[in-house]
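All values below come from the heavy atoms of this structure, side chains included, with hydrogens, waters and symmetry mates left out.
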Amino acid sequence: MILHELIGFAELRMIWWGLMGVLLIGFALTDGFDMGVGALLPFVAKNDTERRMVINTVGPVWEGNQVWFILGGGAIFAAWPPLYAVSFSGFYLAMFVVLAALIVRPVAFKYRSKRDDVRWRTTWDWALFAGGFVPALIFGVAVGNVLQGVPFHLTPELLSIYEGGAFGKFFGLLNPFALLTGVVSVAMLVMHGSAWLGLKSEGDIVVRARKYGSIAAIVAGVGYALAGVWLMTGVDGYAFVNEAVKDGPSNPLMSEIAKGGSWITSYADRPWIAIAPIMGFAGVALVLVSIRLKLEVITLLFSKMAILGMVASVGLTMFPFILPSSTDPNSSLTVWDASSSHLTLFIMLFVAAIFMPIILSYTAWVYKVLWGKVTENDINENSHSLY
């Protein structure tokens, strides 16, 4: 037997679907609080010292947190090339805006304190706000569009074709349901950022962070519930007409898919997946309680629980679909027909088994070394060495 055949093709596809989810959730849990802190910066910090305190809570770790974003993009490119090609073609301008915001963020970190000028520093502070708010919003909008289906179809040569020009496709993403999911995404990460500030800062910053964190948690919970009701009553689901071939070739056009019904039927087929939305709602409720009780570490852990549940619920609800087509359901991409080859998935799994423990160990070590609060004394004593 050839080595890579020790694990079946269908099993490898399932493993990589799960790993893709782990990487994306890892990005939301780590770089998510960076973006939340950035979005909160103009509101929780009222003077330059406070702003530097807020920035320095994430300054030493944000670059390492972005590893999860890079790993997630790399995993999609290598394990799910049709998904990478189709999604980046349709979301091209949206991806450009996200990348522009993410590029501005490190520039703001590095240049903000180069000049002792109020206008200079204020400009870079708002750049940090944009670097947190814009990606959070667009990622949420993208999730809303994926749940509704994206207007593309595949040619017999498997080339993806989108209707409308580049700007038409971009503004078409800004539909009411997608904007709702975008609001939920922003509120979720602002809640996470406020929990991080409660753990890593002190004084008035913490008081303000708890106030905004409570509001964000309420908005996230209510928005998540509204999105669930909307998904149940106003968004069509997708389903295979015939039984899916789980170990067949990676050709989406070989499957027959119907659009209609509701995504929520997946909870009747697989009741156990209800654990994800339960975690989402419970996490939000517990964040509100722990903020009121001023439990710093617990608040952050419950915030992570809420994000884990909310993000996981999307993937579990849609499974096995990963990018449905609203204009040609038969072109929809699924776990069973949009992956790389059997051998490629096996080699990638072998590499991941080596490097993922290294990344996790290094990340844990970094957070252990950097454990503790950023205080006003730290800022005053290191006026030139901190951000």
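Applying the under-4.5 Å side-chain rule to Ile, Leu, Val, Met, Phe, Trp and Tyr, the cluster around I215 extends to V183, V219.
The cluster map of Ile, Leu, Val, Met, Phe, Trp and Tyr, joined by side-chain heavy atoms under 4.5 Å apart, puts V222 and M232 in the same cluster. Under the 4.5 Å side-chain heavy-atom criterion for grouping Ile, Leu, Val, Met, Phe, Trp and Tyr, V229 is not connected to M310 through any hydrophobic cluster. Note: the hydrophobic cluster containing V206 does not contain V44 (ILVMFWY, side chain heavy atoms under 4.5 Å, direct or indirect links). Note: the hydrophobic cluster containing L370 also contains I55 (ILVMFWY, side chain heavy atoms under 4.5 Å, direct or indirect links). M53 is connected to F43 through a chain of hydrophobic side-chain contacts under 4.5 Å among Ile, Leu, Val, Met, Phe, Trp and Tyr, so both are in one cluster.
Nearest heavy atom pair, residue N145 against residue L173, reads ND2-O, 2.9 Å. Between M35 and P135, the shortest heavy-atom contact is SD-CB, 3.6 Å. Minimum interatomic distance between V287 and T299 (heavy atoms only, all atoms of both residues): CG2-O, 3.9 Å. In terms of heavy-atom proximity, W80 sits nearest to I322 at CE3-CD1, 4.0 Å. Y267 and S313 make their closest contact through OH-O, 4.0 Å (heavy atoms, listed as atom of the first residue, atom of the second, distance). A pairwise comparison of heavy atoms in P324 and S332 identifies CA-OG, 3.4 Å as the closest pair.
S340 places no side-chain N or O within 3.5 Å of a backbone atom of T344 that could act as its donor or acceptor partner. Of the possible donor and acceptor atoms, one in the side chain of Q148 sits under 3.5 Å from a partner among the backbone N and O of G144. Side-chain atoms of K259 never come within 3.5 Å of backbone atoms of P329 as a donor-acceptor pair (strictly under, hydrogens ignored). For the pair K373 (side chain) and S201 (backbone), a donor-acceptor distance under 3.5 Å is present. The closest donor-acceptor contact from the side chain of D31 to the backbone of D34 lies at 3.5 Å or more, if one exists at all. A donor-acceptor pair is defined here as one N or O able to donate and one able to accept, closer than 3.5 Å; such a pair exists between the side chain of H192 and the backbone of L29. Side-chain atoms of N56 do not come within 3.5 Å of backbone N or O of G59 as any donor-acceptor pair. Side-chain N or O atoms of K200 include none that pairs as donor or acceptor with a backbone N or O of V374 at under 3.5 Å.
S326 places none of its side-chain heavy atoms less than 4.5 Å from the side chain of F152. Taking the side chain as every heavy atom from C-beta outward, P42 and T122 never approach each other to under 4.5 Å. Looking only at side-chain heavy atoms (C-beta outward), R208 and K46 come within less than 4.5 Å of each other. Side chains of F91 and V150 form a contact here, defined as non-hydrogen atoms less than 4.5 Å apart. Put simply, the side chain of F88 reaches to within 4.5 Å of the side chain of M95, judged on heavy atoms. Contact annotation: the side chain of F350 approaches that of I354 to within less than 4.5 Å [non-hydrogen atoms, C-beta and beyond]. Using a 4.5 Å heavy-atom cutoff, the side chains of V54 and L197 are in contact. Proximity of L24 to M20: side-chain heavy atoms (C-beta onward) are separated by under 4.5 Å at one or more points.
Atom CG of L71 is separated from atom CE of M356 by 7.0 Å, given to the nearest 0.5 angstrom. With values rounded to the nearest 0.5 angstrom, I307 atom CD1 is found 9.5 Å from T30 atom OG1. Between atom CD1 of residue I7 and atom CG of residue L12 there is a gap of 5.0 Å, rounded to the nearest 0.5 Å. Atom OG of S185 and atom CZ of F133 lie 9.5 Å apart (nearest 0.5 Å). Interatomic distance, CG of L286 versus CZ of F302, reported as 4.5 Å (0.5 Å rounding). For the atom pair CH2 (W263) and CG (D236), the distance works out to 10.0 Å, reported to the nearest 0.5 Å.
Each of R105, R112, R52, R119 was checked for a salt bridge (Lys or Arg N to Asp or Glu O under 4.0 Å) with D125, and the lone residue meeting it is R112.
Relative ring orientation between F33 and W196 is described as parallel, the plane-to-plane angle staying below 30° on a 0-90° scale split at 30° and 60°. Y224 and F281 have tilted rings, their planes meeting at an angle from 30° to 60° on a 0 to 90° scale.
Ring to ring, W68 and F27 are not that close: their centroids are 6.0 angstrom or more apart. Taking the ring centroids of F109 and W124, they lie at or beyond the 6.0 Å cut-off. Less than 6.0 angstrom separates the ring centroid of F240 from the ring centroid of F321.
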Q.
side-chain hydrogen bond (donor to acceptor under 3.5 Å, both in side chains), that's the test. Do S250 and R13 meet it? Break it down for me.
A. CA-CA 11 Å; S250 293; R13 283 169 162 166; 3.1 Å; yes
Q: Begin with the C-alpha distance, continue with both residues' side-chain angles, and end with the deciding distance and a verdict on side-chain contact (heavy atoms from CB on, under 4.5 Å) for L154 and I161.
A: CA-CA 6 Å; L154 299 176; I161 305 296; over 6 Å; no
Q: Test side-chain hydrogen bond (donor to acceptor under 3.5 Å, both in side chains) on E256 and N330 and set out the steps.
A: CA-CA 5 Å; E256 188 176 354; N330 288 335; 5.9 Å; no
Q | Worked check of side-chain contact (heavy atoms from CB on, under 4.5 Å) between I273 and R270 | A | CA-CA 6 Å; I273 68 175; R270 293 170 281 128; 3.7 Å; yes
Q.
Using side-chain contact (heavy atoms from CB on, under 4.5 Å), reason through V314 and V146 one step at a time and then give a plain yes or no.
A. CA-CA 10 Å; V314 176; V146 169; over 6 Å; no
Q: Begin with the C-alpha distance, continue with both residues' side-chain angles, and end with the deciding distance and a verdict on side-chain contact (heavy atoms from CB on, under 4.5 Å) for L231 and F177.
A: CA-CA 9 Å; L231 197 66; F177 178 74; 4.0 Å; yes
Q) Does the side-chain hydrogen bond (donor to acceptor under 3.5 Å, both in side chains) test come out yes or no for S325 and S331, once each step is laid out? A) CA-CA 6 Å; S325 169; S331 294; 5.1 Å; no
Q: Show your working on side-chain hydrogen bond (donor to acceptor under 3.5 Å, both in side chains) between S262 and T265 and close with a plain yes or no.
A: CA-CA 6 Å; S262 171; T265 57; 5.8 Å; no
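Applying the 6.0 Å contact sphere to NZ of K294 captures no more than 12 heavy atoms from other residues, nucleotides or ligands. By the 6.0 Å contact criterion, OH on Y367 is enclosed, its count of non-hydrogen atoms from other residues, nucleotides or ligands being greater than 12. Shown here is K211, whose NZ atom has no more than 12 heavy atoms of other residues, nucleotides or ligands within 6.0 Å.
A salt bridge (Lys or Arg N to Asp or Glu O under 4.0 Å) check over residues 312-340, counting only residues at least two apart or in different chains, returns nothing.
Every residue two or more places apart in sequence or in another chain was checked for a side-chain hydrogen bond (donor to acceptor under 3.5 Å, both in side chains) with S214, and none qualifies.
Here R121 pairs with D48 in a salt bridge; the nearest charged N to carboxylate O distance falls below 4.0 Å.
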